[in-house]
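Here's the structure we're looking at; comments come further down.
Along the sequence shown, residues carry numbers from 1. Indexing begins at 1, ligand by ligand and atom by atom, following the structure's order.
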Amino acid sequence: RDRDLVNEAINRLFDFKANDEQIQWFRDAKFGMFIHWNPSSLLEREISWERNAARPFDSNSGKKNVMDFEYDSTYRRFNPKQYDPKKWMSVARKSGMKYAVLTSKHHDSFSNFPSAYDTFTIANTPYGKDIVGQFAAAVHAAGLKLGFYYSGRDWYNPYYLTNQHYRYLEYYFGQISELLTRYGQVDILWFDSLGSSSLNQWDPRTMIRRIKQYQPDILINNRMNGTRGGNKGPLAEDLKGDFLTPECKLGPFNDKTPWESCMTVADIPGTRWTGNWSYTSKAKVKPVEESIKFLINNTVKDGNLLYNIGPTPLGTFVPEQANTFLAMGKWIAPYREAIYGTRGGPYKNMPWGGSCYKTNRNGKKTVYLHVSPLIAQKGKELKGSEPLLIKDIGEKFTKATVIADGTFNGKEAKLEKEDGQYKITLPAGMSWDKWDTVIKLQ
Ligand code: FHN
């Protein structure tokens, strides 16, 4: 009873969630790189989902897309001789990404780092070197924020969710300790869902306290609390994690809880997280404009985009995938100020697109209108050089500046106020861009 009282007291004192200051960098960053990679890339098929979940209650149970032995033995052939995470981070920086998250262990239980708690790790492959450690060093050297993806859900470990699940917890807690004490500052722990399990099997409060003892400023997503995705069922506020993680979909406007949608640049359902790396026609990737759309949509709705790439078994990026990222970086180069450090709104879900803004020390807003056919309501997007009409929301705007690629960048648009709205007319000769035109209102 005393121990429970002490625990309760500690829980009351402990900040299970990051505060506004700790999460500010994340909300400013807007754009990150997700990397799903491990020996299963040799199969050129989806990581983990190509093997049976070997748990009767798990959604992938009984499915044998490849024989488990074939899947589980790929590590014996894994030797990514061209793995150079400094090259990965060069692509990330040029693409405008501000943080990078690597799979340290996926559902298939293989660890991309040496571990005292397991032998099914990179240490026992022909490659042998610490994938996670090299990645952490490269992310830090590149000045990006570092994240580790870790899946509590495990389709290989013999104790996971069995009557000896306590042995799995020893392994789970032990590996998280290894990840958070070996590689310097870790800024995000990106848990994946814990499958069909219940909260009391995971001791999440002890886990969060442990995590924050090692990394006091770390951000934890919403998927480590024993229910799928962390957004199902009544959860205590302190177990909801620091940010929401809608998956493979455009996030809705939400300026109450930080969020980030994770998407894959690879575009073949069923192998999108890792599988279709090869240089065949299967290496289909999402068009650049669709990728830009994800970033603009999430930015004006106060969220982030975590965009995933699946490296080859040699540790290189597929050119088609990396080039999409680089094209995004090139596109936003003229208007980084209209993406990074902004917050979503005040114009939300408008027929012509949306806006984001910054507030100066005196509380004055600079608003960036993203007049974007990519996120406009179909049939209502602005065409040619028709004027834009927006509601007067009480911000005193005196200037409208065009931010776009090329000759019109920095030119003033005509700003007129009439009947409770502003009318914005583009400079002569300019028309609304096919993807996105930014008008800066001050
Ligand atoms: O099964 C995984 C999948 O491979 C990927 O890691 C995503 C990322 O959010 N999470 C699971 C599917 O929801």
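Note that the CG atom of L306 and the CZ atom of F243 stand 8.0 Å from one another [nearest 0.5 Å].
A ring-centre distance under 6.0 Å is not found for F148 and W190. Aromatic ring centres of Y99 and W25: separated by under 6.0 Å.
Of all atoms in ligand 1, numbered sequentially from 1 with element shown, those under 4.0 Å from a heavy atom of Y149 are 6 (O). Those atoms of ligand 1 with a heavy atom of H36 less than 4.0 angstrom away are 5 (C), 6 (O).
Note on ligand 1: C262 sits in its first shell, one or more heavy atoms being nearer than 4.0 Å.
The N/O atoms of W190, backbone and side chain alike, include none that comes under 3.5 Å of an N/O atom in ligand 1. Annotation: W273 places no N or O atom under 3.5 Å from an N or O atom of ligand 1; distance criterion only. Taking distance alone, with nitrogen or oxygen atoms compared against 3.5 Å, W49 approaches ligand 1 more closely than that limit.
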Solution key, residues 109-117 side-chain donor-acceptor pairs under 3.5 Å, sequence neighbours excluded:
| residue | atom | partner | partner atom | Å |
| --- | --- | --- | --- | --- |
| S109 | OG | D154 | OD1 | 3.2 |
| S109 | OG | D154 | OD2 | 2.8 |
| S109 | OG | Y171 | OH | 3.4 |
| S111 | OG | Q175 | NE2 | 3.0 |
| N112 | ND2 | W37 | O | 2.8 |
| N112 | ND2 | T103 | O | 2.9 |
| S115 | OG | Y117 | N | 2.9 |
| S115 | OG | Q175 | NE2 | 3.2 |
| S115 | OG | E178 | OE1 | 2.8 |

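Contacts of R223 with ligand 1, taken as heavy-atom pairs under 4.0 Å, involve the side chain alone. Contact annotation for H106 and ligand 1: only side-chain heavy atoms (C-beta onward) come within less than 4.0 Å of the ligand.
Using cut-offs of 30° and 60° on the angle between ring planes, the pair Y83 and Y127 is perpendicular.
By the ring-ring contact (aromatic ring centres under 6.0 Å, His included) test, Y75 is found to be paired with F120, residues two or more places apart in sequence or in another chain being considered.
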